[in-house]
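Some notes on the structure that comes next.
Bear in mind that the values here come from a model prediction, so they are computed numbers and not experimental data. In what follows, every heavy atom counts, from backbone to side chain, and hydrogens, waters and symmetry copies are set aside. Every number for a ligand or one of its atoms is a count from 1 in the order of the listing. Sequence positions, counted from 1, serve as the residue numbers for this chain.
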Amino acid sequence: MRLQGVATAQALVPSAARGRAVVAIDTLRAATTAAVALSAGARAVWPVAGVDEAFALRDRLPSAVLGGERGMRAIQGFDAGNSPRDYLASLVRGREVVLTTTNGTLALARAHTAKDVAFAGLTTAPLAATWLLAQEIEEALIVMSGTDGHFSYEDALTAGAIAAGLPDVELDDLLLTAIAAFKARRRELALALRTTPHGKRLIDAGFEADIDLAARLGRGRVLPVRDGRQKSRLIAWRHP
Ligand code: MLT
């Protein structure tokens, strides 16, 4: 398999994703949150790029939980924010979740041309590596969502964790660098996340506990992947 890294959501050219498997990464926090919601029993997560779009979709899915953030904070009129701690079984079990976030759901929207799509953070990185191998595909992309068009170290750590878990792959320079970053910090991932600009902003906004949740390498039990039948939503994929 040939695996190529993409440094930000904005750098993903939809035509480049066509026919490939794509793993979109948003370590802090959307991919972590989507995995927690599915693990807590949500039927599916519908990632949407805009707030108006999220309200419109909830009108079509009236029993859905409406979740997401702008500026890391919950949006007025929504049921939940983008903290994984908001997605308790008591809220989401048996329900659909409509999720809009600043960067993570944008990466997913730009990957719409891909053959298959998964959404990963550190908690699901080993599952994402297994999922990629299971696709039996020649070409794949790892898209690091980044923050507002800028490269994010925390997404590179997840990209490195995934790429490091794949045997016999051809890697580009970005992913070789990501692997080096991951190997250097793999025993202190929570600390590494705390030192990033996004991590510091989350701490200032009172979300430090989310960093510890997001740093739990391999602790996620399900990987959010695009539903083969209803391509606008993510469903839970488990280790076969
Ligand atoms: C995003 O998609 O930009 C993030 O998940 C932001 C956040 O930490 O809430």
Side-chain angles (χ1 to χ4, degrees), residues 6-12 22-39 42 45-54 57 65-87 91-92 97-112 117-125 128 142-159 189-190 192-216 220 223-224 226 232-234:
V6 179
T8 64
Q10 288 79 354
L12 175 62
V22 170
V23 180
I25 293 172
D26 189 4
T27 312
L28 295 173
R29 296 168 290 171
T32 308
T33 297
V36 165
L38 291 171
S39 198
V45 173
W46 297 71
V48 297
V51 174
D52 291 345
E53 208 185 322
L57 182 56
V65 175
L66 191 51
E69 58 71 37
R70 284 298 176 270
M72 295 172 293
R73 306 217 180 257
I75 299 162
Q76 199 171 7
F78 275 40
D79 307 308
N82 187 32
S83 168
R85 290 173 294 141
D86 289 352
Y87 292 81
L91 178 67
V92 301
V97 173
V98 176
L99 185 70
T100 180
T101 72
T102 315
N103 303 286
T105 55
L106 176 68
L108 290 167
R110 293 180 72 84
H112 69 275
V117 180
F119 195 30
L122 284 167
T123 64
T124 50
I142 296 191
V143 181
M144 294 160 253
S145 297
T147 305
D148 301 327
H150 297 284
F151 176 76
S152 285
Y153 183 56
E154 67 268 17
D155 291 340
L157 290 173
T158 297
L189 289 167
L193 295 187
R194 276 182 169 73
T195 61
T196 65
H198 192 164
K200 286 180 182 162
R201 283 195 297 275
L202 283 170
I203 292 168
D204 288 346
F207 293 114
E208 187 163 6
D210 292 356
I211 296 177
D212 294 317
L213 284 175
R216 291 183 183 169
L223 177 70
R226 194 172 69 187
S232 302
R233 64 182 211 167
L234 303 170

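Leu57 places none of its side-chain heavy atoms less than 4.5 Å from the side chain of Leu66. Counting heavy atoms from C-beta outward, Val45 and Thr33 have side chains that stay 4.5 Å or more apart.
A distance-only check finds a donor-acceptor pair linking the side chain of His112 to the backbone of Ala109 [under 3.5 Å]. A side-chain donor-acceptor contact under 3.5 Å links Thr32 to the backbone of Thr27. A donor-acceptor pair is defined here as one N or O able to donate and one able to accept, closer than 3.5 Å; such a pair exists between the side chain of Thr105 and the backbone of Val48.
Of the candidates Thr33, Thr100, Leu28, Leu28 brings a heavy atom nearest to atom 4 (C) of ligand 1.
With hydrogens left out, the protein atom closest to atom 3 (O) of ligand 1 is Asn103 ND2, 2.7 Å, a heavy atom. Nearest protein heavy-atom neighbour of atom 6 (C) of ligand 1: Glu69 OE2, 3.5 Å.
Here Arg29 has heavy atoms under 4.0 Å from ligand 1 in both its backbone and its side chain. Under 4.0 angstrom from ligand 1, the non-hydrogen atoms of Asp26 all belong to its side chain.
Remark: ligand 1 and Leu202 share no N or O pair separated by less than 3.5 Å (distance only, no angle test). Here's the thing with Ala30: one of its N/O atoms is less than 3.5 angstrom from an N/O atom of ligand 1.
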(request) Could you please spell out the steps behind the side chain to side chain contact (heavy atoms under 4.5 Å, CB included) verdict for Phe119 and Leu38? (result) CA-CA 12 Å; Phe119 195 30; Leu38 291 171; over 6 Å; no
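Distances below 4.0 Å separate heavy atoms of Thr101 from the following atoms of ligand 1: 1 (C), 2 (O). Counting atoms of ligand 1 from 1 in the listed order, those under 4.0 Å from a heavy atom of Gly104 are 1 (C), 2 (O).
Pairs passing the side chain to side chain donor-acceptor pair (under 3.5 Å) check and including a residue from residues 202-213, sequence neighbours excluded, read Arg29-Asp210, Ser83-Asp210, Arg85-Asp210, Arg194-Glu208, Arg194-Asp212.
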